[in-house]
Structure formats: structure tokens, C-alpha cells
2 protein chains.
Amino acid sequence: MSWISEESMMKATIYDIAREAGVSIATVSKVINGKGKISEERRREVMAIMERLQYQPSVIASALTGKHTYTIGLLLPDLSNPFFAEVARAVEDRGHQLGYSVVMCSTDNKDERIERYLSLLKQQRVDGIILATGIGSAEQLKKLNHAMPVVVIGREVPESNLPTVVADDWGGGKAAAEHLLALGHRRMAVFAERLSITSSRERLRGFRQAIEEAGFTLTDEAIVICDDRIDDGRRQASALLRGSDRPTAVFCFNDLLAVGVLQAAKEAGLSVPAQLSIVSFDNTILAEVTDPPLTAVAQPMTHIGASAVDLLLEEIGSKPKIKARIALPTELVIRRSTGRIVE
Amino acid sequence: MSWISEESMMKATIYDIAREAGVSIATVSKVINGKGKISEERRREVMAIMERLQYQPSVIASALTGKHTYTIGLLLPDLSNPFFAEVARAVEDRGHQLGYSVVMCSTDNKDERIERYLSLLKQQRVDGIILATGIGSAEQLKKLNHAMPVVVIGREVPESNLPTVVADDWGGGKAAAEHLLALGHRRMAVFAERLSITSSRERLRGFRQAIEEAGFTLTDEAIVICDDRIDDGRRQASALLRGSDRPTAVFCFNDLLAVGVLQAAKEAGLSVPAQLSIVSFDNTILAEVTDPPLTAVAQPMTHIGASAVDLLLEEIGSKPKIKARIALPTELVIRRSTGRIVE
DNA sequence: CTGAAAGCGCTTACAG
DNA sequence: CTGAAAGCGCTTACAG
């Protein structure tokens, strides 16, 4: 086997290009990165040779000196939850558009998984991290942010002063309540996610405020805390709907819970919306396929993902910067799971 | 600012560990990787120091010499399709479990996106790629596989001789037909994905075979080719169901299409399953939340994803190897979208 | 069992 | 406008 065929098998490096073009590797590096001053002539020559040899610079090697790996990490609770899948898709799209790869990390909100992923991402030297999952204290967050740029999605961590993108949870909760009030509902229940998450608290606060402004109250018993799963929503709804004093409307903090409540209602022989109205939150594909389809507070998932990437890249790029906090509007999408009570 | 505080700010490198332990970096490298012979004593010392300095080896640097980046790429059509989200979650889990990060790439089955992603992944020097998306010819695939290990999910590319994991599409199609035949259906339609995909062809072949074995035939007019989207299934179903000679049962090649057909049936005032039975394929969360929930051929999504990772790591690890081809069983899950015709 | 040295493929001052 | 050289943080023969 001659050296020619051997060489042709090998992946071209910057040295190959330099040799072929009769220039130094510094020059090649400059044309690759568009830095420094290179004569148009040389530039063309080098470009042509890179083309011919199908040269692809090693991100690995350049990361070792140039500090960027062009990879970002995305931590979320669960990729198989349609809401997060949707957001992940948006992050991926925007990232790739800007030349970044994105590593997905489903944490199931478990501390040990979060730890492990974070450690993995650090070793891989990702350029930054988007957190769409719960993470301990503001202090832990600060520590993490000390190691690399971080952007948080969907929750506020005031003490940490990190760039954040959230939906208008308060407004969404308020809109949900106003819709139900307008339909004549008075006995309402809330199926919430853990209230340790700020977005949950905000949704509740908006919902409650609208109710109180209308002169009614939302008792603590009317608030049910659920896990982020269909079957938990269903299980807890079964119990609630069995009572004689059952609510005429339920506001769910995500589509999974709403689907669970809908299933429980059907099992209990309750017709939706004639006997029970349901308002959901998220507006994923699930809200469209149930029967009846769900009235839901829509989150701008695509926008959320894209904005998070943009914020993160700003962090990565520049040093001192105002830590932006973006709040995106929500919108009530009225479908057929809500209506007036039919006595 | 003293040099001490400066140093303490920097991320520890192998040199820091070596200096602190009074050994060479070669020795540190060996204890990190468990290679070579190191005395128990030294090993413990070094370990302790790595611990104390919170040392995390740079994957980047080691990739430059050690050839592994511990990153794999996953190409799929669309992360926001629940089937692929489910598979992606499984790939991610198995990958991380084995120390690999996974980069997600939604291609929308578009050539230019595929090209771009592939190029990005090459530059990032991923260790291998799992393809769950369409990709041109067997030749292109071979070329890609020449550059790095590749495992294909969900379709066969016989000429390329690549490791593959598929579901038993043929068996699934057959089971769907047998179920419908047993319920007395004779006029059946198929809502298929593009038949250029082997899995589609297999599902169709199994379905048809069962029908012919029962002494009936499936005409070509009964086969509708759809895009992988709810609204396309719905649109095409609307047209089909309007005819006087409409089918009494439809077999859909994925849950998205089945949801579309279900919606069209409702709009047409047809009751499911009394007037129209629907069998779906995939068995994602969508099949559980519709009303009625869908009878579906279940694909072992978790198993598929995990097996693909295992195959890929075998490829990455060893040189000459038999190219495995794994076919995983499918299972018919009977729900309420199928039944006998009620005249 | 341990270490000196070369090399992986780049980028970046620094000189010229 | 261009190049020689050092350095990024590791791994891997090779000697000892």
C-alpha cells in the first residue's frame, strides 16, 4: 500500500491544507476563522483546497485553545413530556441555526440525576447550560453559574440573578379564572404542580386574584398538589369528584394533569363540560386530541426555547451584561372542555 | 490579588494534580484511566487529591489524543412527535448510563437539514450516530459509515449491511389485520407513511398477507399515503369517509395519522367504533388520551432506543464485528377504537 | 512501578 | 500580509 492511498484515507488536518497550499497553518487558521488580514488571493487558494480535501476543522482541537465547544446542555424533567419535547425542539432548532449542538438531559427532577448530568456536561466543557428543570437552592445555582453561563427557563430564582425566560404565568392563571367566572362557575378546584416552583405559585396567584376580585374565595382545600403525570391527576381527581360538594370547574397546571382529570370525570360519569369544566395549561398536542379538546392557557413553547438560546449565547459571548429576564405572553385558547353548567 | 487566589479560581488540570501529588502527569493519567500498574499507595494519594481539588478531566483534551469524545448523535425526524420523543428519551437514558452525551438532531426528513447536522456532528467528532430518520441511498449511508459508526433504527437498508434495530413491522401489520378480520371487517383502508421506508412496506405486507390468507384482497385504492402529521391524516380521511363506499375499518401507520382519522370520523358524524374501527401503530401517549382510546400495535420504544445505543457502542468499541440486526416484537393493544360494525 | 517526551489539531500573541 | 513558536490538557509508547 503506497503512502498516497494511506494519506487519502486519513481525515485532512490543518497541516494538510497548509502543505498543499504552501502556506503556514497560522494562515489557514486565519482564513478558517476570518481573522487577521489575508490577501484575497491566498484566501481563495486556501478555501479551494479545503473544499477539495473536504476539510472539516476539528471542533475538539479548536476547543482546547479557542475555548468554545459549540455545544450547550439542556436540562429538563422529561423529554417524553410533550411540553418539554416541544421546548427542546425549539432549543435544538435555534441552537443548530447558530452552529451549536445541544445535549439533552432528562432529569426526572431527581437530584442524583441532575448532579450526574451537570458533572458530565462540565467534563464535556459545554459552553453553557439551559435549565428547564428544578435545581436545588439559589446557592447551588450560583455555584453552577460560576462555572459556566446558565439560563433558566420557567422559573424565577430571584436571589441568583440569572437570565431567565418565563411565560406570563400570573396572567395565564388570571385569564383561566376570568373565563370560568364568566361561565358562571363558583366552586372551582386547582390541580397544581409543586408550589416550590415559582411558576406554579404565579399561576395560583393569578387565578386566586381574579376570583377574589370577583368577590369570591379560593380555599386551600380546593388546591390539589399533583405529580406531573396523567395518572396522578386522574387518581386525585377521582377522589375529589366523588364528593358531594364537588367543584363545577377545575384549573389544571399542565396538560398531563388535565388529561387525567378528564379521564376521571368520564369514569365518574360526569359529562364535560356540561357537568364539569376543565381549563388546562401548556396547550401541547394533548390539548387538541382529547374529547372534548381542552380549553388551555397556551405557553409560547417555541418562543421560549429560542429566547433561552439567544440569552445563553449572549452570556457566552460577552462578559459584563445585564442579566435579561424575558416574560413571554400566554394566551387562553378556548376549546370545548369549558362551558356553563347544565343543571 | 495573590497568585494563590488566582490559582484557586482556575479549573484544576492534570498538572495541578501531578504537582500536588509529587508525581508525573503520566502517573495521574494512569490512575484516572485505571491503566498501567500503579501502587495502591500512590493511587490513593492521587485519588484523594483529585477529590480535594474537584478535578474533572477534560473530555476535550483526552478526545484529542484518546480518540473518544463520549458523545453520540441521534438523528430523528422530529422531537416533538411523541414516538420519537419516547425513543430519544430511551437513547438518552441508556447513553448517559454508559457515560455518553447525546446530541439531538431533528431533521424534518429534509435533505439539507440532514446534511447540515451530519456535517456538524462530524466536526464535533461524535463517536457515532444513531439514525432514526430517512437518509438517501445505501451508498450515502455507506459513505457516512465509512467516517464513523452508524446504527439505523426503524428501517432496513439491506445493501448497506449496517447494524439495525427494527420492530416487527410485518407481524404488527398482520396482527392488525387479523384483529379487524375477526371483528368482521371486510372493507378496510390503510393510511400509510411513504412506502419508500422499509418499515412502511413491511407493515403493509403483513396487513395484506393476513387479508389474503383470509380469502380477501386489499386493493391499491384502499391505500392512502400520508405525511406524518395529524392534519394530513384528517384531511385525507375526510375525503375518504365522504364516499358512499367508505371502509368500515382503517389501519393507520402511526398515532398521528390515527388521531387525524378519528377527528375526521367525528366531523363526518361517524361513531367510532360502531361505524368505523381504527387500529393505530406506535402506541404513544396519544393512543391513550383520545376518546375512544386507540387500539394500537405497540412498538417497544424504550427497548428500541436502548438497543440502538448498545449496538452503537459495540461498533465504537470493537473493530471487526458481526453487524447485528435486532428485530423487536410488537404487540397489539386492544382499546376501544375497534369493534364490530353496528348496522 | 514511574516518568520524560512526543504528539493530538488547533489558536494566538509576537516578529517581521 | 505572513509565519515560527508556544501552549491548550491530555494519552501513549518507550526507557528505565
Side-chain angles (χ1 to χ4, degrees), chain A residues 7 9-47 49-50 53-71 99 122-127 147-148, chain B residues 7 9-47 49-50 53-71 99 122-127 147-148:
Chain A
E7 188 194 43
M9 296 310 302
M10 302 300 295
K11 189 165 304 204
T13 72
I14 200 172
Y15 289 98
D16 300 322
I17 307 300
R19 181 170 358 97
E20 205 73 4
V23 300
S24 72
I25 60 166
T27 300
V28 177
S29 175
K30 279 164 197 152
V31 351
I32 293 171
N33 299 295
K35 288 188 178 174
K37 306 260 148 221
I38 306 286
S39 66
E40 229 356 72
E41 203 190 332
R42 278 228 184 302
R43 143 174 266 94
R44 290 208 184 295
E45 275 177 39
V46 173
M47 298 278 267
I49 291 171
M50 294 196 297
L53 268 51
Q54 296 204 50
Y55 171 64
Q56 297 194 309
S58 161
V59 175
I60 295 299
S62 92
L64 198 53
T65 25
K67 42 229 44 175
H68 282 24
T69 55
Y70 296 97
T71 303
K122 274 186 206 164
Q123 283 184 229
Q124 310 252 21
R125 301 290 191 267
V126 295
D127 291 335
M148 71 181 92
Chain B
E7 187 195 44
M9 294 310 302
M10 302 300 296
K11 189 164 305 203
T13 72
I14 199 172
Y15 289 98
D16 301 321
I17 307 300
R19 182 170 359 97
E20 204 73 6
V23 299
S24 72
I25 60 166
T27 300
V28 178
S29 175
K30 280 164 197 153
V31 351
I32 293 170
N33 300 294
K35 289 188 179 175
K37 307 258 149 223
I38 306 286
S39 66
E40 231 354 74
E41 204 189 331
R42 279 228 184 303
R43 142 173 268 94
R44 291 208 184 295
E45 275 177 40
V46 174
M47 298 278 266
I49 292 171
M50 294 197 296
L53 267 52
Q54 296 204 52
Y55 171 65
Q56 298 194 309
S58 161
V59 175
I60 295 300
S62 92
L64 199 54
T65 25
K67 41 232 37 168
H68 282 24
T69 55
Y70 296 98
T71 303
K122 273 186 206 165
Q123 283 184 227
Q124 310 252 21
R125 301 290 190 267
V126 296
D127 291 337
M148 71 182 91

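Below, each value reflects all heavy atoms present in this structure, side chains not excepted, and no hydrogens, waters or symmetry copies. So that the names make sense, note that chain A is the first sequence line, chain B the second, and so on, each numbered from 1.
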Side-chain atoms of A/I25 come closest, of C/dT11, D/dG3, D/dT2, to C/dT11
Could you give me the stems involving DNA chain D, meaning stretches of three or more consecutive Watson-Crick or G-U wobble pairs whose two defining distances are both below 3.5 Å? C:1-3 with D:14-16, C:5-12 with D:5-12, C:14-16 with D:1-3
B/T27 or B/L64, whichever maps to the more 5' nucleotide of DNA chain C: B/T27
B/K30 side chain: which of D/dT2, D/dT11, C/dT2 is closest? C/dT2
If I take atom NZ in residue B/K122 and atom C1' in nucleotide C/dG9, what distance separates them, rounded to the nearest angstrom? 18 Å
Picking from D/dG3, C/dC8, D/dT2, which would you name as closest to the side chain of A/V23? D/dG3
Please tell me if B/K35 has a side-chain N or O lying less than 4.0 Å from either OP1 or OP2 of D/dT12. yes
If you check the A/I38 side chain, which of D/dT2, C/dC10, D/dT12 turns out closest? D/dT2
Could you say whether A/Y15 or A/R43 is positioned toward the 5' end of DNA chain D, judged by the nucleotide with the nearest heavy atom to each? A/R43
Just how far, in rounded Å, is C1' of C/dC10 from CD of B/Q124? 15 Å
Distance check: side-chain N/O of B/T13 vs OP1/OP2 of D/dC8, anything under 4.0 Å? no
Which whole-number value in Å describes the distance from A/I60 CD1 to C/dC8 P? 16 Å
On the nucleotide D/dC8, are OP1 or OP2 found under 4.0 Å from the side-chain N or O atoms that B/S58 carries? no
Crowding at CZ, B/R44 (>12 non-hydrogen neighbours, <6.0 Å): no
Which nucleotide in the set C/dC10, D/dA4, D/dT11 lies at the smallest distance from any side-chain heavy atom of A/Y55? C/dC10
Kindly say if A/R42 contacts the phosphate of D/dC1, meaning a side-chain N or O under 4.0 Å from OP1 or OP2. no
Is the phosphate of C/dT11, meaning OP1 or OP2, less than 4.0 Å from a side-chain N or O of A/T65? no
